[in-house]
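Hydrogens, waters and symmetry mates are skipped; everything else that's a heavy atom, side chains included, is used. What you see is a predicted model, and the numbers here were worked out from it, not measured in a lab.
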Amino acid sequence: MGSHQRRCDTETLTTLTKDPAICQVPPGEISHSPPEQPPLAHRNSSYPLTPGNTGIKKEPDTNRDLYSYGVPTRRKILTCELYNKRFDEIRHYLDRNIGLTLAERDGILRLLRIYAYYGRVYPKASQVADDFGNMVPGCSKRSFWRAIAKLRENGLVQVHNRYLHGRQISNCYRLDKLILCLARWLLEHGPRYLNLLSLPRELCNALHIANFWCWIWSARVDLSK
C-alpha cells in the first residue's frame, strides 16, 4: 500500500507541477484552514484533480442536473463507518480549522451525516435546525445559514436552488471540497477506517498530493463523476 501511494503521488506531482497556476508552498507555510480572504479569481478557477482532468466536471447548470445530483457509494469517501468511528475528530476539524461556533458546527455535522448515508444532501434548513434545536442551545435557521455562509465563502460548500414544476423545493448542498479536505485531514491524523483501496485511482492520487493544502483552495471538485 505504501509503495502504491508513493508511486501515485509521484505520477500526480510530475504532471501537476508543470502547471504554473499551482504554486509550491515552502515547508511550514502549509495551512489546513481555508485562506482568510481567498481571491475571487481563485474561487472561480478550475484546476485538474488528476492528470487528464479525470473527476472534474462543470457544475450542474440545469435544474434536471440539480434534481438528480448525488455521489455514488464508491466515490463518497466519507462513509457511515468513517463518520461514526471518527466523529470526534470530524467535530474537532470543524471547530479548529473551519472556525464554526457550537451551533454552526452541529448544523454542518447534520449535513455530513446525511451525505455519509445517502451521498446527496437536499434537506430544508428548518429541518436541520429542528433536529438540533432540542440538543444544542442556539441552533436555529440563523446559525445554520451563518455556517453555510462561512463555508461558501471559502468554497467548501456550494448551495444551489432547485425548482420542480415552477416551485422552489429544498436546496442542493454540494459538499465535495469539504469532504476532500476532511478526508485529507483524517488521513494525516491516522488512516484507520479510511479505506483508500476502495476509491477510484484519481481520488486516491488527489488525497496524496504533496501540496494538497495549497492546491485545494483553488480547485473545483465534483465527486459525483
Side-chain angles (χ1 to χ4, degrees), residues 1-13 15-16 22 25 30-34 47-52 54-57 69-100 105-121 151 154-158 173-225:
M1 177 65 181
S3 61
H4 171 70
Q5 290 179 357
R6 288 193 295 272
R7 186 168 63 255
C8 290
D9 191 13
T10 301
E11 293 173 356
T12 303
L13 281 176
T15 300
L16 290 180
I22 300 178
V25 180
I30 297 178
S31 173
H32 296 72
S33 304
Y47 297 127
L49 183 61
T50 57
T54 307
I56 294 291
K57 115 184 227 304
Y69 177 82
V71 179
T73 301
R74 187 164 181 253
R75 305 185 70 89
K76 281 198 304 183
I77 304 179
L78 181 64
T79 63
C80 298
E81 178 186 28
L82 184 62
Y83 178 85
N84 291 325
K85 291 186 176 181
R86 301 192 69 175
F87 177 79
D88 290 339
E89 292 164 274
I90 293 173
R91 184 169 54 184
H92 177 80
Y93 173 76
L94 296 177
D95 281 341
R96 300 299 176 86
N97 297 87
I98 307 300
L100 302 177
R105 179 201 67 192
D106 284 310
I108 300 303
L109 282 172
R110 171 63 175 168
L111 296 186
L112 289 173
R113 183 174 183 272
I114 295 173
Y115 177 92
Y117 276 87
Y118 304 108
R120 57 197 328 179
V121 186
L151 297 184
N154 296 312
L156 293 175
V157 169
Q158 297 175 357
Y173 296 85
R174 292 188 53 187
L175 313 180
D176 306 69
K177 189 178 292 190
L178 176 61
I179 296 298
L180 210 58
C181 288
L182 178 59
R184 171 68 181 228
W185 190 84
L186 292 175
L187 187 65
E188 292 175 351
H189 291 75
R192 61 190 186 282
Y193 311 123
L194 189 57
N195 187 6
L196 298 178
L197 292 177
S198 66
L199 296 176
R201 182 177 178 180
E202 70 271 9
L203 290 183
C204 184
N205 288 352
L207 286 171
H208 290 88
I209 291 176
N211 60 344
F212 178 92
W213 293 111
C214 168
W215 159 80
I216 189 61
W217 309 118
S218 56
R220 181 171 295 169
V221 184
D222 184 354
L223 296 180
S224 65
K225 298 180 180 179

Passes salt bridge (charged side-chain N to carboxylate O under 4.0 Å, His left out), Asp176 versus Arg220? Steps please.
CA-CA 9 Å; Asp176 306 69; Arg220 181 171 295 169; over 6 Å; no
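- With Ile77 as reference, Leu180 is the one residue of Leu196, Leu182, Leu180 to meet the side-chain contact (heavy atoms from CB on, under 4.5 Å) rule.
- Scanning all heavy atoms of the two residues, the minimum distance from Cys80 to Ala116 falls at SG-O, 3.3 Å.
- Rounding to the nearest 0.5 Å gives a distance of 11.5 Å between NE2 of His92 and CD1 of Ile98.
- Atom OH of Tyr118 has 12 or fewer heavy atoms from other residues, nucleotides or ligands within 6.0 Å.
- Here Pro191 pairs with Leu187 under the side-chain contact (heavy atoms from CB on, under 4.5 Å) rule; sequence neighbours left out.
- Open room surrounds CZ on Arg113; 12 or fewer heavy atoms of other groups in view lie less than 6.0 Å from it.
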Would Ile108 and Val157 count as a side-chain contact (heavy atoms from CB on, under 4.5 Å) here? Give the steps.
CA-CA 10 Å; Ile108 300 303; Val157 169; 5.6 Å; no
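- To the nearest 0.5 Å, atoms CG (Leu199) and CZ (Arg75) are separated by 9.0 Å.
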Evaluate the side-chain contact (heavy atoms from CB on, under 4.5 Å) criterion for residues Leu175 and Leu78: first the C-alpha distance (whole Å), next the side-chain angles of each, then the deciding distance (0.1 Å), finally the verdict.
CA-CA 11 Å; Leu175 313 180; Leu78 181 64; over 6 Å; no
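- Asn195 pairs by the side-chain contact (heavy atoms from CB on, under 4.5 Å) definition with Leu197, Ser198, not counting sequence neighbours.
- Residue pairs meeting the salt bridge (charged side-chain N to carboxylate O under 4.0 Å, His left out) criterion with at least one partner in residues 178-191, sequence neighbours excluded, are Arg184-Glu188.
- In terms of heavy atoms, Ala183 sits closest to Leu194 at O-CD2, 3.8 Å.
- In this structure, CD1 in Ile179 is found 12.0 Å from CZ in Arg174, a value given to the nearest 0.5 Å.
- How far CG of Leu178 is from CG of Leu223: 10.5 Å, rounded to the nearest 0.5 Å.
- A distance of 10.5 Å separates OH in Tyr115 from OG1 in Thr79, rounded to the nearest 0.5 Å.
- Summarising the geometry of Pro72 relative to Ser224, their closest heavy-atom pair is CD-O, 3.5 Å, with the distance given to 0.1 Å.
- Without hydrogens or angle criteria, Lys76 side chain to Val71 main chain gives no donor-acceptor distance under 3.5 Å.
- Taken to the nearest 0.5 Å, the SG atom of Cys181 stands 9.5 Å off from the CG atom of Asn97.
- For Arg86, the side-chain contact (heavy atoms from CB on, under 4.5 Å) partners at least two apart in sequence or on another chain are Leu82, Glu89, Leu186, His189, Arg192, Tyr193.
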Determine, stepwise, if the pair Phe212 / Trp185 fulfils side-chain contact (heavy atoms from CB on, under 4.5 Å).
CA-CA 10 Å; Phe212 178 92; Trp185 190 84; over 6 Å; no
